[in-house]
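By convention here, the first residue in the shown sequence is residue 1. Both ligands and their constituent atoms are indexed starting at 1 by order of listing.
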Amino acid sequence: MNIKTFSCAVALLTVAIPGYSQQAITEKTPITPGNPVITEKYTADPAAIVHEDTVFLYVGHDQAPPKKDFYEMHEWLIYSSTDMVNWEERAAVNVKETFDWAAGDAWAAEVIEKDGKFYWFVTVSHKEIHGKAIGIAVSDSPVGPWKDALGHALITNDMTTDTKISWDDIDPTVFIDDDGSAHLFWGNTICYYAKLKDNMLELDSEIQYIDLPNFTEAPWIHKKGDFYYLSYAYKFPEKTAYAMSESIDGPWKYQGILNEVAGNSNTNHQAIIEYKGKDYFIYHNGSIPTHGGSFRRSVCIDYLYYNPDGTIKKIIMTSEGIDPAE
Ligand code: FUB
């Protein structure tokens, strides 16, 4: 049977986890070929890691009803795959149930593994300090259960006062360098950067700024070969641009546009991973017919190719998507 035309049987099992009202879900996503890769729910702001030969995909769940023109995101969803085409929903994590101090808004988030623990850096709205904030959940597994690691936010809007907007502390991306040092980047209109302590839970430097042309939001750090890459959402509606460096501390050299505005969505948000020898660009668009759009987005995956000098070829977004990774 062709894997792309295979429609998986749906088995739904809800498991109550003591101490958390998160749901561990075993549910096979019905497979429709190509992009978007997930069609039964609206999914946005992808982040992905590879752990023990499996890809774990972390997304925000766009829950805005059809006529609402703003984000409504009460939870994040976690999917896994061993071929990048067949995705299984593994967990749904409610923002307010996980973080007592959060008012809601499961905006962009990213997971990183260190010493057998998984740290999930998330964007939420803060209950008491006006604006968006960054918190951290921790787990022994890439799918949870997740526990608030600090009991409070790591970054709040009052820590970054150079812009008057209240949503500049969003979209964390975390990177652990070859020497073990951990680094956090985040921001909207300003790209912020700070080192993290060994425990991943405290800042280990002043908050610094990185000067990037037309930086809007959605930074993503990755390394390939000798180069560090900082990709980000550029202007608005958002394209994706990127910069390169020979060190995680910069200087960052702007390299241009990596991806054009993605269909029917004014935001974009990318994750870049290598898996089974191929490189992937994971993003969202608003292409699901009828109600899809900027507030009902859908995760897509296309190939990413490097040039011999380390620069990246412009992404070609497709509706066919990718072939199963082998
Ligand atoms: O999903 C809410 C926000 O929209 C994210 O935090 C941004 O990156 C943009 O995609």
Would you say the side chain of Asn259 lies within less than 4.5 Å of the side chain of Met317, judging by non-hydrogen atoms? yes
Mind checking whether Glu238 has a heavy atom under 4.0 Å from ligand 1? no
Who gets closest to atom 9 (C) of ligand 1 by heavy atom: Glu217, His269, Gln270? Glu217
Can you check whether Tyr283 and Phe281 have ring centres sitting under 6.0 Å from each other? yes
Determine the sole option in Trp107, Phe99, Trp101 for which the ring-ring contact (aromatic ring centres under 6.0 Å, His included) test with His126 is passed. Trp101
If you count the atoms of ligand 1 from 1 in the order shown, which ones are under 4.0 Å from a heavy atom of Arg297? 1 (O), 2 (C), 4 (O), 9 (C), 10 (O)
Would you say Asp45 has any N or O atom under 3.5 Å from an N or O of ligand 1, going by distance alone? yes
Suppose I only count heavy atoms of His284 and a 4.0 Å limit; which atoms of ligand 1 are within that range? 10 (O)
Note: Glu40 and Tyr79 closest approach over all heavy atoms is OE2-OH, 3.6 Å
Relative to ligand 1, is Ala44 under 4.0 angstrom through side chain, backbone, both or neither, heavy atoms considered? neither
Salt bridge between Lys224 and Asp279, side-chain N to carboxylate O under 4.0 Å? yes
For His291 together with Tyr42, are the ring centres under 6.0 Å from each other? no
At a 4.0 Å threshold, what atoms of ligand 1 neighbour a non-hydrogen atom of Asp171? 5 (C), 6 (O), 7 (C), 8 (O)
Where ligand 1 meets Ala108 - atom numbers and elements under 4.0 angstrom, heavy-atom basis: 6 (O)
